[in-house]
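Letters A, B, ... are given to chains in the order of the sequence lines, protein chains preceding strands, and every chain is numbered from 1.
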Amino acid sequence: MNYRGVFALTRKDFFLYFQNRLFAVVTVIGLLAYLVVYFLLPGGVDQTLEIGFYTPIQLPSLEKVQEEGLRFDSFDSEEELRTAVEEGDYIAGIAFPKDLASSAASGKRPTVTLYFPPDAPDSTKSALQSTVQNWGYSATGKSVAVNFSEETLGRELVTGPIPARDRLRPLFAVFLIMTETLGLASLITEEIETKTLKALLVSPLNTAEIFLAKGITGVGLASIQAVFFMALVGGLGRSPGIVLVSLLIGSAMLTGIAFLIASVSSDTMSVMAWGILALIIMMIPAGGVLFPGASAGWMRVIPSYYLLDSVHIAANFGAGWGDVWPHLIALILSGLIISGAGVSVLERRFQ
Amino acid sequence: MTEKAIVASNLAYNYGDLMAVDHIDFELGRSEILGFLGPNGAGKTTTVKMLTGQLKPKAGQAKVLGFSVIDNVRKIQGRIGICFEETNLYEQMSARENLNLFAQLFGVDDFDPEQLLDRVGLSGRGREKVQNYSKGMKQRLMVARSILHRPEILFLDEPTDGLDPSSAESIRDVILEERDRGASVFLTTHNMAEADKLSDRVVFLNKGRIVALDTPHNLKQQYGSRVLKAEIVTEDGGLEEREIVLDEEETPELIRQLFADNKVSTVHSEEATLEDIFIEITGRGLSE
């Protein structure tokens, strides 16, 4: 391996990247813009807690126990209630049993099931139990003894509610990576069009070493900026290792996409055209990952889903390796496939 | 050290139905300049690409510095220098930065970019961005890049094409210096005068085939005829041109008669050019 040559080529690519005023400006402005948008977004959350409930029997109106900051919505079935809580539409769900009235009348303790999303704090859980008991009291005029069964739906991640701007952090980070992807694709395209690549191909560097140098440039440009951004917005406060690894693997995967874009582009304009198409596709899962309820199963075929979700649950929920390893495996596999395809297609263009 | 720098045997390459290089055989000796001549599309550049590992031959074999161009490209590429026909420099970088990059790629440590730039007539211009260079300056930098690692074989593809006389002359000087250093030079050109001046031997390539291979002197001896051209003063004071073919049995007598019977104004001998010979052999000119 000609490490000296690879290093020289990588250094040259970094130099040329920042010689390109368009990409130099986009890099700086992009970083600043995302930082400004992040800090302009509200840092707090709406404190109104939305709670869903299902009851198979007629119960007194919940308005009697309506408290400030609580809103109750009724569901037709327990399954619908579960789904809504699982998708994050409600902070909690209450499912009353069919035998509520008969059990209470016979002195037995009916079991009320409470559903929580993974990010429900303990204070919400205890508050909800009190709410149910208050509800029983206002309905019967006396204290009602019930058992509670708690079930967490979705990932077992414990945290408080997430401010909107923190939910957007992974999106901004991936946007930054994609910007650098376009820069790398443009560098490669220019290298092909100006035929400087021919000079490299007849040097002692082999094709694999040239790809390695380009890969280091791509991953370096992309991940350094994304990590820098995440560090500035506090995205490395929880599970920093997972965030860093995810961004690194994601950068490698998107470098593969840069190779694919470069293989079909003839100039900077066509890089932009193909790049924007890729960007749109890669950003589709963002809605589903960042805004629960907007997700659809088919989004998981888009590899950026695993990057966005890994960064999201690590940075915002403090997810551990056990939570994200399937995502990272999917990311690595898709990265290998995309990078392999990118190298393969681009290598043919090198000939 | 192998005796020959390049040995090509039955080398061939086709682009679909077009036979670009049609089973050619030739050798390039050590410290020899071989002019590879032919019109556009004759197969010169395709041959260079095969010899430098950019294209894999479709048939035949070529050994460069003793290594097969099919199996040992990597071993060859560190020891050869290539100056491409089209300019392919990093234009946003300076000349020094371009040279330093390739010095690192070739693992050259004892390298002084200014000294090299001085050799090609770019002294004091090393810190300028290449995009501000003229075509001649860029071509000189390309030559400098191709020799910075002291290659054993130098491939030059139309190195002086379209250059001003001064730039062309400085490149020709470098080519001769490299030959004197011990490098073998594979020179492709359609500039016959240049090939005649520089080459120890020349190859005539036509439609992918070698139609002649010898020293320029021998080719002229074999195919060209030398003539004596004289201008004589006529009775009415005008000038008339006479030609006498040299090397014939009656030539001495014809020359004697020319001077005895006429008032000779001017006289000079003329020999066939490589271009004339190429046309004689192939029936087509180099510019076709």
Side-chain angles (χ1 to χ4, degrees), chain A residues 1-25 27 183-184 186-214 216-217 221 266-268 271 346-351, chain B residues 15 45 48-56 64 69 72-94 96-109 111 129-131 138 141-146 148-149 151 153-157 186:
Chain A
M1 179 66 76
N2 182 351
Y3 292 108
R4 188 180 174 191
V6 170
F7 174 73
L9 201 55
T10 304
R11 198 173 57 178
K12 183 271 297 175
D13 282 338
F14 268 89
F15 174 80
L16 287 182
Y17 182 88
F18 287 102
Q19 283 287 302
N20 184 325
R21 287 182 189 168
L22 172 67
F23 285 109
V25 168
T27 296
L184 177 65
S186 181
L187 269 181
I188 297 172
T189 302
E190 199 173 321
E191 191 116 71
I192 295 169
E193 292 307 307
T194 57
K195 298 186 170 55
T196 47
L197 185 66
K198 280 177 73 176
L200 297 179
L201 287 170
V202 295
S203 76
L205 281 182
N206 61 34
T207 312
E209 288 164 341
I210 292 173
F211 274 113
L212 177 63
K214 299 293 177 198
I216 292 172
T217 304
L221 281 170
S266 56
D267 52 27
T268 303
V271 166
L346 194 56
E347 195 173 21
R348 289 172 70 179
R349 193 164 177 211
F350 279 12
Q351 308 306 322
Chain B
Y15 299 100
T45 300
V48 171
K49 284 184 173 178
M50 285 191 283
L51 296 174
T52 56
Q54 298 174 70
L55 281 178
K56 198 168 264 189
V64 175
V69 296
N72 288 298
V73 174
R74 312 286 355 140
K75 288 180 180 167
I76 295 168
Q77 286 179 333
R79 297 167 62 186
I80 62 174
I82 305 172
C83 181
F84 297 89
E85 183 179 7
E86 65 276 84
T87 305
N88 59 354
L89 297 159
Y90 291 104
E91 305 240 342
Q92 289 168 305
M93 291 163 60
S94 69
R96 288 174 65 112
E97 286 165 344
N98 269 276
L99 294 178
N100 281 327
L101 169 65
F102 278 84
Q104 287 180 300
L105 296 183
F106 279 92
V108 180
D109 294 317
F111 164 68
K129 281 191 176 180
V130 173
Q131 63 192 9
K138 287 177 184 173
L141 181 58
M142 296 263 291
V143 172
R145 186 180 70 182
S146 69
L148 65 84
H149 56 295
I153 306 176
L154 189 54
F155 290 89
L156 300 164
D157 198 354
F186 190 96

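The parts of A/Ser203 that come within reach of chain B are both its backbone and its side chain, each placing non-hydrogen atoms under 4.5 angstrom from that chain. Of the atoms belonging to B/Arg145, it is side-chain heavy atoms, and not backbone ones, that fall under 4.5 Å from chain A. Neither the backbone nor the side chain of A/Phe7 comes within contact range of chain B, judged by heavy atoms closer than 4.5 Å. Neither the backbone nor the side chain of B/Glu91 comes within less than 4.5 Å of any heavy atom of chain A. Only the backbone of B/Leu89 has a heavy atom closer than 4.5 Å to any heavy atom of chain A. Of the two parts of B/Gln104, the backbone and the side chain both hold a non-hydrogen atom closer than 4.5 Å to a non-hydrogen atom of chain A. In this structure, chain A has no heavy atom under 4.5 Å from any part of B/Ser146. Residue contact with chain B, scored on non-hydrogen atoms closer than 4.5 Å, is absent for A/Glu209.
Looking at heavy atoms from C-beta onward, A/Lys198 lies in side-chain contact with B/Lys49 at the 4.5 angstrom threshold. In this structure, the side chains of A/Lys12 and B/Tyr90 come closer than 4.5 Å at one or more pairs of heavy atoms. By the 4.5 Å heavy-atom criterion applied to side chains, B/Phe84 and A/Val202 are counted as neighbours.
Across all their heavy atoms, B/Gly78 and A/Pro204 have their closest contact at CA-CG, 3.8 Å. Pairing each heavy atom of B/Val108 with each of A/Arg4, the nearest pair is O-NH2, 3.6 Å. Contact detail for A/Thr194 and B/Asn88: the closest heavy-atom pair is O-CB, 3.5 Å.
Put simply, CD on B/Gln77 and CG on A/Leu205 are 10.0 Å apart, with the number rounded to the nearest 0.5 Å.
Chain A forms the most heavy-atom pairs under 4.5 Å with one residue out of B/Met93, B/Arg74, B/Gln92, and that residue is B/Arg74. Across A/Leu9, A/Thr196, A/Asn206, the residue that shares the most heavy-atom pairs under 4.5 angstrom with chain B is A/Thr196.
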